[in-house]
Amino acid sequence: MSDYDFDLFVIGAGSGGVRAARVAFGYGAKVAIAEESRVGGTCVIRGCVPKKLLVYGAHFAEDFEDASAYGWTLPGEPTFSWQTLIANKDKEIDRLNGIYHKLLAGSNVTLFEHRATFKDAHTVVVDGKDVTAERILIAVGGHPTVPDIPGAEHAITSNEAFHLEQQPKRIVIVGGGYIAVEFAGIFAGLGSQVTQLYRSEQILRGFDNDIRNHLAEEIVKKGVDLRLNTNVTAIDKQSDGTLKLTLTGGGEMVVDAIMFATGRAPNTKGLGLEQVGIETKDNGAIKINKGLQTSVENIYAVGDVTDHVQLTPIAIKEGMAFADTVYGGKPWSMSYSNIPTAVFSQPPVGTVGLSEEEARAKGGEVVIYKSTFKPMRHTLSGRDEKTLMKLIVDKTTDVVLGAHMVGPDAAEIIQGIGIAVSMGATKAQFDQTVAVHPSAAEEFVTMRFPVES
């Protein structure tokens with residue numbers, strides 16, 4: 001018999017924590033999990049899932065406009081209800097939250113719907129009670145941050161954006177990462193007047209430069225007022241409820257809402273890590289080794305709380321790696337190369353592998369293939385939108401090092417391309433693949449002539 005209440009105690013019932021708990025139970029472990037908010041975590045409750053639903057909703061304005069070119073006539077002008085969209089989104093999130101509860105119950109995982117904090121290396125305090133475990137897994141994720149400027153309390157983040165009672169007529173999105181460009185597209189597609197401010201020279205830092213530049217051009221076409229090298233220095237709430245923003249350089253704007261998407265921080269504050277000597281980085285993220293182990297031998301961490309790769313599928317795979325290794329006798333560790341990634345901007349981005357800049361920085365010779373074209377659906381609609389596809393190929397080995405796309409269905413397309421890139425496919429093998437015609441995806445296997453090397 002164990003000297004502990006549980007074999008494994010998981011702090012945080014998001015995607016990574018739930019997966020680790022369920023898999024560990026499948027190997028025979030007695031498992032408990034604690035969640036102070038709603039089961040499902042950032043992705044399900046206040047992240048990728050509700051965001052994708054809003055992205056779908058934002059697309060309909062263009063669909064209605066384009067329909068006339070295909071012979072469709074609506075009986076009148078379409079109308080949009082923000083309240084209906086948010087209410088229906090909430091219903092779906094409630095449904096998914098219920099599914100997560102059932103998954104845990106079906107796995108006989110004990111759920112504590114309270115905050116858990118450390119007392120010692122084998123003890124957590126939950127709802128005023130001590131609970132012990134042989135091993136503890138930290139999977140508490142992260143939260144959006146707001147810069148420390150005058151009037152910052154009047155700003156919102158992505159968390160609050162999902163629950164606004166009214167759609168803002170004028171909104172400023174501050175940031176240049178994927179969350180910022182996604183919400184800029186959402187609000188613009190739903191009819192808000194959107195200004196996106198980014199303090200640096202181009203959005204999507206870390207992505208391939210051609211992708212960054214192309215997307216910037218396309219989102220401007222969608223009605224987003226993109227202002228680079230610009231930031232907000234102060235927010236002043238007016239008597240009528242509007243917000244006056246002071247910008248770098250002394251400019252001013254008056255808007256109905258301002259949303260910051262300028263970074264996320266690990267949820268480690270107040271967790272009691274110092275009680276057990278768990279080492280953290282300067283930003284509060286938990287330090288882990290290749291085996292997801294913290295500086296305390298029996299305590300592990302997965303997902304955004306480590307500030308490694310902030311993607312839901314990574315947290316899930318880390319949770320599986322932990323459970324397989326520790327409880328399943330099947331040790332393996334995560335590979336963080338060639339991770340397929342999507343940005344649900346409008347149009348969306350799909351990418352896997354190295355950017356051109358990363359490939360060249362490694363010192364090898366590369367060959368670049370690139371194609372820009374109008375999506376077939378817009379040959380009749382006449383909409384001014386262009387798709388970009390790009391391959392980075394090692395000149396010596398012919399291996400495809402990276403694949404990148406901006407355009408409709410980019411996420412769906414890059415998932416399949418990601419398999420090929422992860423397997424080390426060569427450009428010759430791409431060329432040997434029969435094209436699916438007519439499709440945008442076929443461009444990845446029909447680009448024959450390099451643009452540069």
Side-chain angles (χ1 to χ4, degrees), residues 10-23 33-58 86 88-104 107 109 111 113 137-145 157-163 175 177-183 185-186 259 261 263-268 285-286 292 301-323 334 336 339-345 348-351 411-412 414-415 418:
V10 182
I11 305 177
S15 300
V18 168
R19 180 60 59 91
R22 295 180 62 219
V23 175
I33 193 167
E35 175 55 61
E36 64 176 317
S37 183
R38 301 183 71 188
V39 174
T42 296
C43 179
V44 173
I45 305 300
R46 65 193 74 86
C48 10
V49 173
K51 171 198 68 185
K52 188 71 179 291
L53 295 175
L54 266 59
V55 168
Y56 283 138
I86 296 303
N88 288 339
K89 178 268 298 181
D90 288 342
K91 288 179 184 177
E92 175 60 10
I93 300 310
D94 288 344
R95 185 185 72 86
L96 294 174
N97 175 243
I99 288 175
Y100 268 72
H101 276 273
K102 290 178 182 177
L103 289 173
L104 290 173
S107 297
V109 173
L111 172 62
E113 296 190 76
L137 176 67
I138 306 170
V140 293
H143 63 275
T145 59
T157 68
S158 55
N159 284 358
E160 294 79 32
F162 290 120
H163 301 286
Y178 70 94
I179 295 175
V181 297
E182 288 171 342
F183 272 93
I186 287 169
M259 173 184 153
R264 296 178 63 83
N267 284 327
T268 51
I286 296 173
L292 305 170
V302 299
D304 289 2
V305 73
T306 67
D307 194 28
H308 195 179
V309 180
Q310 295 186 16
L311 293 170
T312 297
I314 296 299
I316 291 172
K317 289 188 74 68
E318 287 176 341
M320 291 180 64
F322 161 77
M334 275 290 301
Y336 296 96
I339 299 172
T341 305
V343 181
F344 293 101
S345 48
V349 173
T351 179
E412 311 298 335
I414 211 66
Q415 180 68 84

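Because only heavy atoms are used, hydrogens play no part in the values below, and waters and symmetry mates are left out as well, while side chains stay in. Sequence positions, counted from 1, serve as the residue numbers for this chain.
Between D304 and V309, the shortest heavy-atom contact is OD1-O, 4.1 Å. Shortest non-hydrogen contact noted between G303 and E318 is N-OE1, 2.7 Å. Across all non-hydrogen atoms, the minimal contact from A21 to I33 is CB-CD1, 4.3 Å. The two residues G47 and F162 make their nearest non-hydrogen contact at O-CZ, 3.7 Å.
Taking CG from L311 and OG from S15, the interatomic distance works out to 11.5 Å, rounded to the nearest 0.5 Å. Going from atom CZ of F344 over to atom NZ of K52 covers 4.0 Å, rounded to the nearest 0.5 Å. Between K51 atom NZ and I186 atom CD1 the span is 7.5 Å, to the nearest 0.5 Å.
At least one side-chain heavy atom of H101 sits under 4.5 Å from a side-chain heavy atom of E113.
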Q: Start with the C-alpha gap between R38 and D94, add the side-chain angles, then the distance that decides, and say whether side chain to side chain contact (heavy atoms under 4.5 Å, CB included) holds.
A: CA-CA 10 Å; R38 301 183 71 188; D94 288 344; 2.7 Å; yes
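Every residue two or more places apart in sequence or in another chain that forms a side chain to side chain contact (heavy atoms under 4.5 Å, CB included) with E160 is listed here: I156, T157.
The number of heavy-atom neighbours closer than 6.0 Å to NZ of K89, taken from other residues, nucleotides and ligands shown, is above 12.
Remark: R95 engages E92 in a salt bridge, criterion side-chain N to carboxylate O under 4.0 Å.
When atom types are taken as modelled, the side chain of S107 and the backbone of L103 share a donor-acceptor pair closer than 3.5 angstrom.
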